[in-house]
Amino acid sequence: MALATDEQAVIDAVPKRLFIGGEWRDAAAGGTIAVEDPATGETLCEVADAQPEDAMAALDAACAAQAGWAAHPPRERGEILRRGFEELTGRADELALLMTLEMGKTIKESKAEIAYAAEFLRWFAEQAVRIDGRYSVAPNGAGRLLTMKGPVGPCLLITPWNFPMAMGTRKVGPAVAAGCTMVIKPAKLTPLSMLALADILDRAGLPPGVINVISAKSAGGSTGPLIEDGRLRKLSFTGSTAVGKKLIEQSASQVLNTSMELGGNAPFLVFEDADLDAAVEGALLAKMRNIGEACTAANRFHVAESLEHEFAERLAQRLGALKLGRGTEEGVDVGPLVDADTREKVSELVGDAVDRGANVLVGGSQVDGAGYFFQPTVLEGVTPDARLLKEEIFGPVAPVTGFGSEEDAIAAANDTEYGLVAYVFTRDLQRALRVCEGLETGMIGLNQGMVSNPAAPFGGVKQSGIGREGGYEGIEEYLETKYVAINL
Ligand code: NAD
């Protein structure tokens with residue numbers, strides 16, 4: 001199937017080579033990676049496939065640019081980011097189409113991601129001029145203590161496919177603002193958005209070598225040597241907990257500073273005093289944003305027994321009414337999953353829950369034909385041993401279970417090695433605060449189905465990660481503190 005003219009135009013406009021030291025160049029071995037449209041399974045284009053020597057050239061460029069960039073006036077660093085924000089915002093339609101083509105979500109959702117991604121550039125443009133230190137009198141009065149902050153140094157930024165632009169700007173924004181240089185490795189399923197971002201920031205005035213992008217088939221093969229190289233000072237990773245653990249292990253050899261934004265298994269709690277309309281609305285957002293392919297996606301719904309059936313029925317009605325299709329089409333609510341493996345895993349988890357006694361209220365199957373579509377699904381009566389209560393589903397499937405007491409709800413919510421986000425629906429203020437204090441997560445959506453906000457610290461506890469992105473905390477991940485003891 002030929003692409004529509006505007007689709008072809010946005011694909012053609014993206015540089016498909018590696019961006020190293022301010023230049024676009026082919027991979028050393030000349031190899032390429034095919035980028036697929038998940039709605040059709042057809043190849044959209046090919047991008048360069050970086051080899052270890054390309055990755056090393058990118059690190060060389062980042063290291064060469066580091067000292068100059070650290071000395072660059074913070075205001076100018078911020079203004080480059082600000083121009084990036086304007087450009088992303090001004091070109092939102094075309095960048096959203098590009099994202100929908102490579103990742104599958106609807107144009108409306110891609111536009112929302114471009115706006116979210118752009119906000120990280122604006123937020124950190126404002127933070128670039130707010131990096132400061134302290135001067136204080138030592139407690140014994142004898143000396144002075146000077147505390148200063150500086151860029152951590154060359155960074156490796158590894159991003160996932162599910163939010164191809166925002167997961168990039170959430171790292172690039174603070175790294176640029178702090179005065180760090182970087183090598184970025186986007187996911188091979190969705191490299192186009194990141195290549196477009198590098199092009200935009202290059203045109204916005206980022207000096208050569210500050211940002212380097214390497215797309216690669218072999219993620220470990222290309223980035224492994226960089227992690228072992230003592231010149232690299234920081235690894236910021238967003239992706240699965242399994243890969244994050246491997247990278248933490250690898251990072252031990254150089255005691256590399258790491259930030260880890262990993263997987264989730266978000267509980268969605270609905271108490272008997274909740275506003276049920278708001279809870280169903282929040283559930284729709286928490287479950288279906290990004291086709292369920294979000295680390296923040298509600299993975300399991302724990303509902304007060306008195307409301308369980310009504311909640312499940314109402315959610316099933318809403319999910320059953322959603323229209324599936326290619327994200328570029330008018331009126332489509334839900335795009336395809338990103339690839340065959342992701343869909344297979346979702347099918348397997350639903351099959352496992354049904355085998356253990358869950359009842360399918362709506363959906364339950366993959367859709368035949370081209371693309372990787374899976375029906376929005378609600379399962380009721382899910383047994384505690386079902387795998388989808390323990391594992392990240394990463395698809396449009398909502399398992400609903402009931403709880404008796406508030407203590408049971410908190411215990412069920414915390415019964416996971418993950419701790420990224422939880423959602424709580426209650427109209428009782430005291431209960432809300434008790435439950436928020438009891439939940440072992442980095443973030444909580446209280447009576448709302450979404451938490452992501454560039455001005456807030458995003459991140460998890462337990463096996464959901466280390467560190468925070470966004471908010472005042474985000475830039476700290478890219479700064480080192482140095483203290484000078486002054487003898488007066
Ligand atoms: P993934 O872990 O498979 O891959 C993430 C990135 O790591 C990709 O760029 C991939 O190429 C790279 N990678 C894979 N193996 C590697 C290795 N050995 N060495 C170096 N790099 C390697 O994850 P994914 O499937 O792309 O994304 C989905 C996962 O990301 C989910 O678990 C989701 O919860 C998580 N996620 C977390 C957040 C967050 O902020 N906490 C945000 C988005 C996604």
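One-based numbering, in listed order, for ligands and for the atoms of each.
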P191 vs E102 side-chain heavy atoms within contact, under 4.5 Å: yes
Within-4.5 Å side-chain heavy-atom neighbours: L197 and M165: yes
Matching residue for S215 among L18, D54, T32, D49 - test: side-chain contact (heavy atoms from CB on, under 4.5 Å): L18
More than 12 heavy atoms of other groups within 6.0 Å of R203 CZ: no
Candidate pair K171 and S259, rule side chain to side chain donor-acceptor pair (under 3.5 Å), full reasoning: CA-CA 10 Å; K171 298 185 191 302; S259 296; over 6 Å; no
Within the protein, residues bringing a heavy atom under 4.0 Å of ligand 1, chain by chain: I158, T159, P160, W161, N162, M167, R170, K185, P186, A187, A219, G220, T223, F237, T238, G239, S240, V243, L247, E261, L262, G263, G264, C295, E392, F394, L420, F458
Check against side chain to side chain donor-acceptor pair (under 3.5 Å), T328 and T100: CA-CA 7 Å; T328 50; T100 292; over 6 Å; no
